[in-house]
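Data first, discussion second: the structure below is written as structure tokens.
In what follows, chains carry the letters A, B, and so on, assigned in the order in which the sequence lines appear, proteins first and then strands, with residues in each chain numbered from 1.
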2 protein chains.
Amino acid sequence: MDVNLQSHFQAAVSVDNVIFGFDTNGLNVLLIYRGAEPYRDRWALPGDLIDLKTDTPDSAAVKVLRNLTGLEELYIDQIRTFGRLDRHPYGRVFTVAYFALIKTQDYSVEASSWAEQAEWFPIDNLPELPFDHNEIFNYAKELLKMKIRKQPIGFELLPKHFTLTELQRLYEAILEKEFDVRNFRKKILSMDFITDTGLKQHSVMHRPAKLYRYNFRKYAKLMTGGYDFDL
Amino acid sequence: MDVNLQSHFQAAVSVDNVIFGFDTNGLNVLLIYRGAEPYRDRWALPGDLIDLKTDTPDSAAVKVLRNLTGLEELYIDQIRTFGRLDRHPYGRVFTVAYFALIKTQDYSVEASSWAEQAEWFPIDNLPELPFDHNEIFNYAKELLKMKIRKQPIGFELLPKHFTLTELQRLYEAILEKEFDVRNFRKKILSMDFITDTGLKQHSVMHRPAKLYRYNFRKYAKLMTGGYDFDL
DNA sequence: CAAGTATATTGTAAAAAATACAATAATTCA
DNA sequence: TGAATTATTGTATTTTTTACAATATACTTG
């Protein structure tokens, strides 16, 4: 290979995942406790160097997510690439950041191959992160805000069956803004892609709420009709 | 360096720009005629390998754009990174795609250091592009559609002074959809970030249109008030 | 200079969507 | 049985969107 070209083929590329989860305490991010250098013993976004022989950025990000959660078929999407010159102490490493949503309820620490090293952190109380991970996280947070208003991805963060109040709390947590109960329900129901399951909460010491589920097929149908999701 | 690490530091990273321009014929993309291998003598997106010693993806993309147009201060934004295993015949090359908007009127082929090799192509009549450039272009086109509805970036594609009809044609070309003249004007003017310059067209053989300009300060003010641009 | 040509500009009524606002209902627990 | 707690629902007002066509202004030509 040409000497000129040679000088270009000396970069590494990694992926880093910003994994969001939602529970009664609000929005959380899944961080791992690094067991290896650099930045050993620091909480960081879960990520890995891409294996140049076998992986694309997408496949590498999916692998990280799968290893960490033991779950398949999660929502994941590329955010953007970060490439500051000094972002990695070992050399020139570009990182492709990803954005994932998981149902906290389905996630069990035990299923993870990095079990004891993973932990949920409330998004408003993150530790200082290594590399440019704070920057990546902030970018992801903004993206989540934007996406939630345009696409019905909120359901990826809720259990299969959920109440309208839970859905409202989710939107409020993400958008950092409160909605009127009546108007929120009217709007969500008018969009017509959640379905009443006929089930109710039980063992709650108040009027039990109806349980709904997200109906992807209805959503898909609306989209092909040029529908504009907005909140 | 560790052998294990060594195997990761063998990638190259490039940037590729999808540069949009607008004229009376509609939306165009700027392509260059490749003078070097691979894919010599093919029309392709302007791009370059990132110099690992000196450049970030952003700075590299700006350089490509500047070399090509001779212009400063253009609108440019990252799209996403593409990294199929076989996308480049010389090895593992990831490419960070960018999206740029330029005022065709300000662009002169002469100013370009690649002068004779650059040419505008109507977006609905592109040649077959090398690498994964067709995929990148399609992605960019969708992104443009999305962005134009959310941010006042259309003005980056128009001369400093423009008529409302030109603005409408621009939106129609990008969104592939026609708008009612009265409603379009009402909406645009209600947004209140374009200003009447007091000037008019001349030497047109019909009623001359008023010339407007984009008022960034007004827009910025609106945004801080939580305004939602939408069309 | 009058008529013709071509595009620019403007208003209004009806329908739809967004907003503001509070009373009643269903369950558990004591 | 009533107290506690959260779920559920409707209506009037305002704002936004939509549908729709007549008049205005410049240039050109005869």
Test log, rule ring-ring contact (aromatic ring centres under 6.0 Å, His included), inputs B:Tyr39 and B:Phe131: CA-CA 8 Å; B:Tyr39 299 110; B:Phe131 305 104; 4.8 Å; yes
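- Between C:dA8, D:dG10, C:dT12, one nucleotide has an atom nearer to the side chain of A:Asn183 than all others, and that is D:dG10.
- The phosphate of C:dT9 (OP1 or OP2) has a side-chain N or O of B:Arg185 nearer than 4.0 angstrom.
- The separation between A:Glu178 atom CD and C:dC21 atom P is 15 Å, rounded to whole Å.
- Backbone-only contact: B:Thr165 has heavy atoms under 4.0 Å from sugar-phosphate atoms and none from a base.
- The nearest whole Å value for the distance from the CZ atom in B:Phe179 to the P atom in D:dC20 is 17 Å.
- A:Lys147 contributes atom NZ, which lies 3.0 Å from atom OH of A:Tyr75 (distance to the nearest 0.5 angstrom).
- Side-chain proximity of B:Lys210 to D:dT11, D:dA7, C:dT9: nearest is C:dT9.
- Atom CZ in A:Phe184 sits roughly 20 Å away from atom C1' in C:dA22 (whole-Å rounding).
- Between the CG atom of B:Leu167 and the P atom of C:dA8 there is a distance of 13 Å, rounded to whole Å.
- The minimum heavy-atom distance linking B:Asp23 with B:Thr104 is given by the pair N-OG1, 4.5 Å.
- Spacing between atom CD of A:Glu166 and atom P of D:dT6 amounts to 13 Å, rounded to whole angstrom units.
- Closest heavy-atom contact between B:Gln105 and B:Phe22: NE2-O, 3.9 Å.
- With a 6.0 Å cutoff to the six-membered ring centre and a 45° limit on the axis angle, B:Arg80 counts as a cation-pi contact of B:Phe82.
- Side chains of B:Thr195 and B:Asn215: a donor on one and an acceptor on the other come within 3.5 Å.
- For B:Lys186 and B:Asn183, the side-chain atoms include at least one donor-acceptor pair closer than 3.5 Å.
- Each of A:Asp180 and A:Gln201 was assigned the nucleotide of DNA chain C with the nearest heavy atom; the assignment lying further toward the 5' end belongs to A:Asp180.
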Treat primed atoms plus P, OP1 and OP2 as sugar-phosphate and everything else as base, then score nucleotides 22-30 of chain D 5' to 3': B for base contact with protein heavy atoms under 4.0 Å, S for sugar-phosphate contact only, - for none. --BBBSS--
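- Between B:Lys186 atom NZ and D:dT17 atom P there is a gap of 10 Å when expressed in whole angstrom units.
- Residue B:Ile188 contributes atom CD1, which lies 15 Å from atom P of C:dA8 at whole-angstrom precision.
- Here C:dA17 presents its C1' atom at 17 Å from CZ of A:Arg182, a figure rounded to the nearest Å.
- OP1 or OP2 of D:dT17 sits under 4.0 Å from a side-chain N or O of B:Lys187.
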